[in-house]
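Questions regarding the structure given below will be posed in turn.
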Amino acid sequence: MSLVIGLTGGIASGKSTVSNMFKEMNILVIDADVEARLAVEKGQPAYEKILAEFGDNILLPNEEIDRQKLGSIIFHRSEKRQLLNGIVHPEVRKRMKRQIEEAKEQGEEIVVLDIPLLFESKLMYMVDKTLLVYVDNAIQLQRLMARNHLSKQEAEARIQSQMPLAEKVGLADEVIHNNGAITDTKKQLITILANWGIKK
Ligand SMILES: CC(C)(COP(=O)(O)OP(=O)(O)OC[C@H]1O[C@@H](n2cnc3c(N)ncnc32)[C@H](O)[C@@H]1O)[C@@H](O)C(=O)NCCC(=O)NCCS
Ligand SMILES: Nc1ncnc2c1ncn2[C@@H]1O[C@H](COP(=O)(O)OP(=O)(O)OP(=O)(O)O)[C@@H](O)[C@H]1O
């Protein structure tokens with residue numbers, strides 16, 4: 001495999017929007033949020049650990065984890081967040097590594113890892129290049145409130161649980177500014193890929 005791209009950003013900054021653009025170019029995307037969801041399904045080792053730490057009042061009637069309830073705990077309390085991260089993140093890393101291996105075996109030339117917490121979790125060693133999707137804070141807040149039907153307070157708690165996007169700009173190899181139209185975002189992506197020698 002010639003290139004592993006780490007796609008990152010903040011909550012509701014536009015990672016999925018950019019990751020869909022990669023998919024349209026027939027580039028494989030491995031999504032950490034999807035892997036994190038699979039890792040906590042009933043029957044998985046992380047599921048039992050979460051129950052042991054958070055109690056069974058975080059379960060839905062069907063015994064799956066109530067994500068909204070767990071979110072309302074961990075986005076407001078950093079010690080609880082660290083506890084959950086300590087359970088879920090090692091499983092996510094394992095799953096992503098397995099998928100990268102599979103992609104290599106299948107001869108994929110380029111793989112994108114969509115990892116919201118790439119910099120917070122210091123996972124840069126897993127990728128060759130980092131690509132940040134940036135938005136101004138006011139737009140991020142607006143889009144997050146609209147998409148997840150969250151109050152301003154809830155949305156702000158989620159944004160504040162992550163490294164500020166302005167700080168991530170200094171860590172990324174390339175930055176896409178996603179304040180404007182989606183067509184403009186796509187143009188920036190194509191330019192960056194061309195700079196990396198990828199023509200699609
Ligand atoms: C708290 C949970 C149950 C909330 O689930 P929900 O379905 O509401 O949100 P979802 O999983 O789609 O995440 C949405 C976004 O929230 C942000 N986010 C999620 N977890 C965290 C975290 N621990 N710290 C900071 N931001 C986070 C990310 O930007 C993510 O893209 C869930 O996010 C979770 O299990 N988080 C822990 C695992 C994790 O860190 N996942 C993110 C990357 S691997
Ligand atoms: N350029 C844009 N113009 C208008 N709306 C946008 C733009 N980019 C993204 N959005 C909208 O903003 C919201 C957040 O975008 P998206 O889901 O791509 O973010 P994300 O970074 O993947 O979020 P998360 O990490 O929380 O899953 C979505 O509702 C999306 O439709």
Side-chain angles (χ1 to χ4, degrees), residues 6-24 29-42 44 46-47 49-51 53-54 58-60 64-97 99 112-123 126 131-150 154-165 168 175-189:
L7 174 65
T8 194
I11 187 163
S13 66
K15 289 178 305 299
S16 302
T17 303
V18 172
S19 112
N20 285 335
M21 293 172 187
F22 277 112
K23 289 175 194 163
E24 281 163 17
V29 179
I30 299 169
D31 185 331
D33 280 340
V34 170
E35 298 309 318
R37 238 164 268 154
L38 294 171
V40 303
E41 280 183 350
K42 194 170 174 223
Q44 298 296 321
Y47 175 90
K49 290 185 190 163
I50 292 170
L51 283 198
E53 293 292 349
F54 290 87
I58 53 124
L59 290 184
L60 291 165
E64 290 296 345
I65 287 170
D66 184 339
R67 305 180 65 82
Q68 210 181 335
K69 206 165 196 180
L70 190 53
S72 69
I73 299 169
I74 69 111
F75 289 118
H76 286 101
R77 293 176 62 183
S78 69
E79 79 281 6
K80 295 285 183 192
R81 188 160 64 242
Q82 277 164 27
L83 193 60
L84 182 66
N85 289 350
I87 297 170
V88 181
H89 289 182
E91 298 297 326
V92 174
R93 282 197 298 273
K94 257 190 251 169
R95 285 171 170 271
M96 287 197 302
K97 281 178 184 163
Q99 290 203 35
V112 174
L113 303 188
D114 179 345
I115 312 181
L117 304 176
L118 179 79
F119 293 127
E120 287 91 338
S121 302
K122 300 191 172 57
L123 297 179
M126 287 180 74
L131 175 56
L132 176 77
V133 186
Y134 174 88
V135 274
D136 289 330
N137 190 261
I139 296 179
Q140 183 182 21
L141 185 63
Q142 231 172 45
R143 288 183 185 161
L144 179 57
M145 288 170 68
R147 190 194 61 185
N148 290 27
H149 311 289
L150 293 177
E154 282 288 335
E156 274 171 345
R158 279 164 202 239
I159 291 171
Q160 279 159 18
S161 73
Q162 303 185 337
M163 185 191 292
L165 271 175
K168 292 187 180 179
V175 180
I176 293 181
H177 291 263
N178 188 33
N179 289 322
I182 286 178
T183 48
D184 185 40
T185 299
K186 175 113 191 233
K187 273 188 207 151
Q188 294 175 63
L189 175 63

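Position 1 is the first residue of the sequence, and the numbers go up from there. Counting starts at 1 for both ligands and their atoms, following the listed order.
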- Item | Nearest non-hydrogen protein atom, atom 17 (C) of ligand 1 | Q162 NE2, 3.3 Å
- Task: Would you mind checking which non-hydrogen protein atom is closest to atom 8 (O) of ligand 1, with the distance to 0.1 Å?
- Result: R158 NH1, 4.0 Å
- Query: Any idea which of Q142, Q140, R143, H177 brings a heavy atom closest to atom 13 (C) of ligand 2?
  - Reply: R143
- Message: For atom 22 (C) of ligand 1, what's the nearest protein heavy-atom neighbour? Residue, atom name and distance, please.
- Response: L117 CD1, 3.8 Å
- Query: Please state which protein non-hydrogen atom is closest to atom 8 (N) of ligand 2 and give its distance, to 0.1 Å?
  - Reply: N178 ND2, 3.0 Å
- Item | K97, NZ atom: more than 12 neighbouring heavy atoms under 6.0 Å | yes
- Query: Looking only at protein heavy atoms, which one is nearest to atom 27 (C) of ligand 1, and how far off is it?
  - Reply: F75 CE2, 3.6 Å
- Message: Suppose we screen for ring-ring contact (aromatic ring centres under 6.0 Å, His included). Which residues come up paired with H177, at least two apart in sequence or across chains?
- Response: Y134
- Any N or O of N85 that comes nearer than 3.5 Å to an N or O of ligand 1? yes
- Message: Using a 4.0 Å cut-off to any heavy atom of K15, which atoms of ligand 2 qualify?
- Response: 18 (O), 19 (O), 20 (P), 21 (O), 22 (O), 23 (O), 24 (P), 25 (O)
- Item | Part of R37 with heavy atoms under 4.0 Å of ligand 1, whether side chain, backbone, both or neither | side chain
- Task: Run the numbers for me: atoms of ligand 1, each under 4.0 Å from some heavy atom of D33, listed by number.
- Result: 30 (C), 31 (O), 42 (C), 43 (C)
- Message: Determine whether a donor-acceptor pair (N or O, by modelled atom type, separation under 3.5 Å) exists between the side chain of D66 and the backbone of K69.
- Response: yes
- Task: For ligand 1, note which part of I11 has a heavy atom under 4.0 Å away: side chain, backbone, both or neither.
- Result: both
- Note on the structure: Going by the 4.0 angstrom heavy-atom rule, the piece of H89 near ligand 1 is side chain
- Item | Protein residue, atom and distance nearest to atom 38 (C) of ligand 1, heavy-atom basis | V88 CG1, 3.8 Å
- Item | Identity and separation of the nearest protein heavy atom to atom 27 (O) of ligand 2 | R147 NH1, 3.4 Å
- Task: Report yes if G14 has an N/O atom closer than 3.5 Å to an N/O atom of ligand 2; otherwise report no.
- Result: yes
- What do the steps show when you test L38 against E91 for side chain to side chain contact (heavy atoms under 4.5 Å, CB included), and what is the final call? CA-CA 10 Å; L38 294 171; E91 298 297 326; over 6 Å; no
- Message: Given 3.5 Å as the limit, does a donor-acceptor pair link the side chain of E64 with the main chain of E41, or not?
- Response: no
- Query: Hey, are K168 and E120 close enough for a salt bridge, meaning a charged N less than 4.0 Å from a carboxylate O?
  - Reply: yes
- Do any non-hydrogen protein atoms sit less than 4.0 Å from atom 31 (O) of ligand 2? no
- Does the K186 side chain pair with the main chain of M21, one donor and one acceptor, at a distance under 3.5 Å? no
- Message: Against ligand 2, does P116 come closer than 4.0 Å with any heavy atom?
- Response: no
- Message: Heavy-atom distances under 4.0 Å decide this one: backbone, side chain, both or neither, for E120 against ligand 1?
- Response: neither
- Note on the structure: With L132 as partner, the option from L118, T8, L7 fulfilling side-chain contact (heavy atoms from CB on, under 4.5 Å) is T8
- Message: My understanding is that we take every heavy atom of each candidate and find the minimum distance to atom 22 (O) of ligand 2. Doing that for S16, A181, G180, which one comes out nearest?
- Response: S16
- For I11 and ligand 2, does the shortest N/O to N/O distance drop below 3.5 Å? no
- Query: Nearest to atom 9 (O) of ligand 1 by heavy atom, R95, R147, Q68, R67: which?
  - Reply: R67
- Task: Report the nearest protein non-hydrogen atom to atom 41 (N) of ligand 1: residue, atom name, distance rounded to 0.1 Å.
- Result: A36 CB, 4.0 Å
- Please answer whether the main-chain N or O of D136 pairs with a side-chain N or O of N179 as donor and acceptor at a distance below 3.5 Å. yes
- Could you please spell out the steps behind the side chain to side chain contact (heavy atoms under 4.5 Å, CB included) verdict for S13 and L165? CA-CA 9 Å; S13 66; L165 271 175; 4.2 Å; yes
- Assess whether side chain to side chain contact (heavy atoms under 4.5 Å, CB included) is satisfied between L83 and F54, documenting all intermediate values. CA-CA 9 Å; L83 193 60; F54 290 87; 4.2 Å; yes
- Item | Test item: Q140 side-chain N/O and I11 main-chain N/O as donor-acceptor pair under 3.5 Å | yes
- Message: Could you check whether any heavy atom of V40 sits closer than 4.0 Å to an atom of ligand 1, since that is the contact criterion I want to use?
- Response: no
- Task: Could you tell me which residues satisfy side chain to side chain contact (heavy atoms under 4.5 Å, CB included) with Q99, sequence neighbours excluded, listed by chain and number?
- Result: I30, E35
- What do you reckon, does R81 have a nitrogen or oxygen under 3.5 Å from a nitrogen or oxygen of ligand 1? no
- Okay, side chain of R81, backbone of I74: is any donor-acceptor separation there less than 3.5 Å? yes
- Task: Could you walk me through whether N178 and R143 pass the side chain to side chain contact (heavy atoms under 4.5 Å, CB included) test, one step at a time?
- Result: CA-CA 11 Å; N178 188 33; R143 288 183 185 161; 3.5 Å; yes
- For ligand 2, which atoms, with element, lie under 4.0 Å from some heavy atom of G10? 21 (O)
- Item | Atoms in ligand 2 flagged as close to T17, the criterion being non-hydrogen separation under 4.0 Å | 8 (N), 9 (C), 15 (O), 16 (P), 18 (O)
- Query: Heavy-atom contacts under 4.0 Å between I115 and ligand 1: side chain, backbone, both, or neither?
  - Reply: neither
- Go through ligand 1 atom by atom and flag the ones less than 4.0 Å from a non-hydrogen atom of L84. 35 (O), 36 (N), 37 (C)
- Query: Can any side-chain N or O of D31 pair as donor or acceptor with the backbone N or O of D33 at less than 3.5 Å?
  - Reply: yes
- What are the atoms of ligand 1, with element, lying closer than 4.0 Å to any heavy atom of S161? 25 (C), 26 (N)
- Query: With no hydrogens and no angle check, is any side-chain donor or acceptor of D184 less than 3.5 Å from a backbone partner on G180?
  - Reply: no
